[in-house]
Every structure is written in structure tokens, then in C-alpha cells.
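A short write-up of the structure that comes next.
Quick caveat, the model's predicted, so the values are computed rather than measured. In each ligand, atom 1 is the first atom listed, and ligand 1 is the first ligand listed. Any value given below was found using the heavy atoms of this structure, including those in side chains, with hydrogens, waters and symmetry copies removed.
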Amino acid sequence: MFDNGIVVVGLGYIGLPTSAAIATQGVSVTGIDVRRDVVDAINLGKVPIVEPDLDVAVAGAVALGTLRATTEVPSADAFMLAVPTPSDAGKAPDLSYVKAAAESIAPVLKAGDVVILESTSPPGTTRRVSEWIAAARPDLSLPHQGEGRHDIYVAHCPERVLPGRIMVEIVENDRLVGGITRACAERAAEVYSLFCRGEIVLTDATTAEMAKLVENSFRDVNIAFANELAGICDHLDLDVWEVIDLANKHPRVNILKPGPGVGGHCIAVDPWFIVAAAPEQSRIIRTAREINDARPHAVVAQTVSLAKPDSTIAVLGLAFKANVDDLRESPAIQIVELLDEALPDARLLAVEPHVDALPPSLAGRDSVSLAPLGTALAAADVVLLLVDHQAFMDLTLADLRDKQVVDTRGLLKAATNPLERTS
Ligand SMILES: NC(=O)c1ccc[n+]([C@@H]2O[C@H](COP(=O)([O-])OP(=O)(O)OC[C@H]3O[C@@H](n4cnc5c(N)ncnc54)[C@H](O)[C@@H]3O)[C@@H](O)[C@H]2O)c1
């Protein structure tokens, strides 16, 4: 099975761990990326992203000879597409990477091959992959053509891994495998049975696409509820952390924590794919996105109200979530950009222990620099806590008593009960 190996197109946060997980099982994997630097690094056994245990797995598989990277797609028995699926400026899905990846594998496909779309995708994308391949290879029959047996098997298998735990979850999580036909699902499931210990559940491709989008929209709507509570409690001069803690004592209530906004390129993007597919029906999902997108502006307004025009502001955290180096779609970056525009004479000292350079959108700004935690805290008039990194866990309100503090993560929440604070 898969004697001619497996090709994984796109060697980022999903494609590289997937390649390593399969190659570690002794199956030959060729990873493809359009970025020469990524390919070269991997062939040296190096990992261009920070993810626990990924470096060991990649270095081991490269040394064993089961993993290699290249920019040219070779022939293989299975092809997994793990390329970006962003939304464009108008929030419409941008499928150009998926189309390019499908067209890049089309010339080498042969009867019996399986093509799996791993990228998070709007409903109907797997079928479009099948159509794009059919257009490039009229000599092959594809499953969307609906003529019984087909030469190529096409399926969608969405990823649910949590950055920071990818190497564990890629093996342990249950997987949805959605085929355009049942035969497609069954053939694709054989790929996952190589390295997955979770349950492999078969469905059709569009249901699998939608299920993944629903998972992330569920998270987004629940975060929006918490963020809306933060705005309401701010308006009513109540401590939102206290209110949520107390409400969560109800046995069937579990409210999430508010924050500075929703980042990453999953939860902040995927709900828009549902809105684009069913705009009239997606009212809560759209509103949740708007509430979460408005949070950075509320955090900036609060910070500006506490700062002076020439304040030094320590910004703790730039990543989109705790303990990762991923700055993509990070609300913290947007907050620093907005603060720099609102307070052009302020000095912004960004503390981000997981990176050693500012991202491009901040790098050219005179008033923004990276600083170690101690330096930033010593210099700051205002401390803005944006990410609950482990490195900030030991901070207490007492450490910051002579400073103005905006704590968007509730890390420094007041130690006392509101009754004691009123007496
Ligand atoms: N990162 C996550 O935690 C996560 C979780 C679940 C699902 N996903 C989904 O997985 C997909 C991939 O996400 P990611 O985080 O791995 O992205 P990424 O940006 O980390 O990696 C994508 C890689 O694909 C490469 N690439 C782009 N076009 C290519 C092409 N035509 N041929 C070859 N390589 C190409 C890029 O150079 C890049 O290295 C997205 O749809 C994303 O929504 C990501």
C-alpha cells in the first residue's frame, strides 16, 4: 500500500507535521513547497516553524531517508494538499492556492491515485479540486463526473490540530474523511490509518468541509459572547472575570474568557466561508465575527484613555495565542498598529519571547521596538497585556502598582472579592 510514496503539497504548520507523522511510520513522503528556503531547510533536517517535537520528527525522518522536500511534484500513490485558504479583503474565500496545488499535481496523476484536500475549505471546494484536475487531465475519469468507477479518488480531510500540540493531536485526534464518493472516502481513509490512532469517520466531502467550518464558527460565536460580556461589564463598571467565574459555577454554563480579539488564520477566517456560502442564513455567525473584529479597537480606546501622548507602553505578547510564535492575523499586531497611529509620540515596547524580530507591519516604525520583559516593564507607564504566554504568568498586580494596566487576558485579575473592595 502506497509503495510509490505519498506527496504532501504545502510544508507549513499542517503539511510538515503530516509529512513527518507519515514518514515516521516508514512510508516514503515527498514534501512540496513553492518556497525554496523551506525546502532547503527541511532537507537539512531543520524546521522553519516552532512546534514542540516537530524538529525531532523531521530530523529523524530526513536522516532515515523517508522524508525529503522539493519544489517539483513527483509521481506517487497519494497526494495531500495542505496549502493556505485565506479570505480576501472582501471576506470572500481565496482558493487560488488550492487551485494552483491541484494543477501542480495533475500532470503526474495516474489511475488509482488518491487526492486529499486537507486545507480548510468552503463547501464545494473538494468537488472543484476534482473539476480542476479533470480540466487538466481529460484522459482520466474523476469522481464528480458521476460515471460509476473513476480513475482518481478525491476526498477532504479537515485538520483539527491545536498549535503547540500538533505532533500529539495529528496522531490522536479523530478524523473526518469526506469522499466525493464512498470509494473516495474509503481510499483516503487508508492514508490516515497509516498514522492516526483516533477514530476515522467517513462522510461525504461537502459535509466534511462544513463540519470543520462549523467547529471553528462554534468557537468564534462562544468567544464573541465572552467579548460582548467584556464590553457590557466595562460599561456597567463590573469585573467581567468575576462575573464569568461566578456564572460558570452553574453546572451547565461554561463561558469562555474574553480577550483582545480573535486571531490565527482559522477561527478568524473560517466563519466567513459559511457567511459567503449562505449569507441570509448566517446571522449569528456574521455578528460574532464583527464583535470579535471590533475588540482590538475597544482595547486601543481603553489604552489611549489611560495613557499620555508621550507614554511608554509595554505591550506584552504579539502572537495570536499563548505559547506559540505564530503572528498571523494576530489581534495584538493590529492593536500595536492602531496604538502607534493613535499615539504617534508614544514609545511602544513589544515583549514577545517567541520571536526575535518584529513582523513586517511593525518593523519599519520608529516608535515600536522589541524589548525583553524586564526592560519593558521598568520603562513603562502603561502595561498592556495581550497574550497569556507562560512567560507572563508570574506577573502580579503588585509588580505593576505604579503603572496603568490594561489586562485583556485576566491574568492579573483582582485578588479580592467585590464585597471586600467596597468596604
Ligand atoms: N495552522 C493550523 O493550526 C491549522 C489548523 C487546521 C487547519 N489549517 C488549515 O490548513 C491549511 C494550511 O494551513 P497552514 O497553517 O499549514 O499554512 P502555512 O502558511 O503554514 O503553510 C502553507 C505552505 O504552503 C506553501 N504553498 C502555498 N502554495 C503552494 C503551492 N501551490 N504549492 C506548494 N506549496 C505551496 C507555502 O509556501 C507554505 O509553506 C489552511 O487551509 C488552514 O486553514 C491550519
- [ ] Using side chain to side chain donor-acceptor pair (under 3.5 Å) as the criterion, point out the one residue from Arg295, His297, Arg289 that pairs with Asp293.
- [x] Arg289
Open item on the list: In the structure I gave you, are the side-chain heavy atoms of Ile116 and Phe79 within less than 4.5 Å of one another anywhere?
Closed with: no
Task: Heavy-atom check, side chain of Val108 versus side chain of Pro74, under 4.5 Å - done: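 No, side chains not in contact.
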Task: Minimum heavy-atom distance between Leu370 and Ala357, given as atom pair plus value - done: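 Heavy-atom minimum between the residues: CD1-N, 3.6 Å.
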- [ ] Sorted by first residue and then second, give each ring-ring contact (aromatic ring centres under 6.0 Å, His included) pair with at least one member in residues 97-130; sequence neighbours left out.
- [x] none
Task: Residues in contact with ligand 1, criterion: heavy atom under 4.0 Å - done: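 Val9, Gly10, Leu11, Gly12, Tyr13, Ile14, Ile32, Asp33, Val34, Arg35, Ala82, Val83, Pro84, Thr85, Tyr97, Ala100, Ala101, Ser119, Thr120, Glu159, Pro163, Lys212, His265, Cys266, Arg328.
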Open item on the list: Would you call the rings of His150 and Tyr153 parallel, tilted or perpendicular, taking 30° and 60° as the class edges?
Closed with: perpendicular
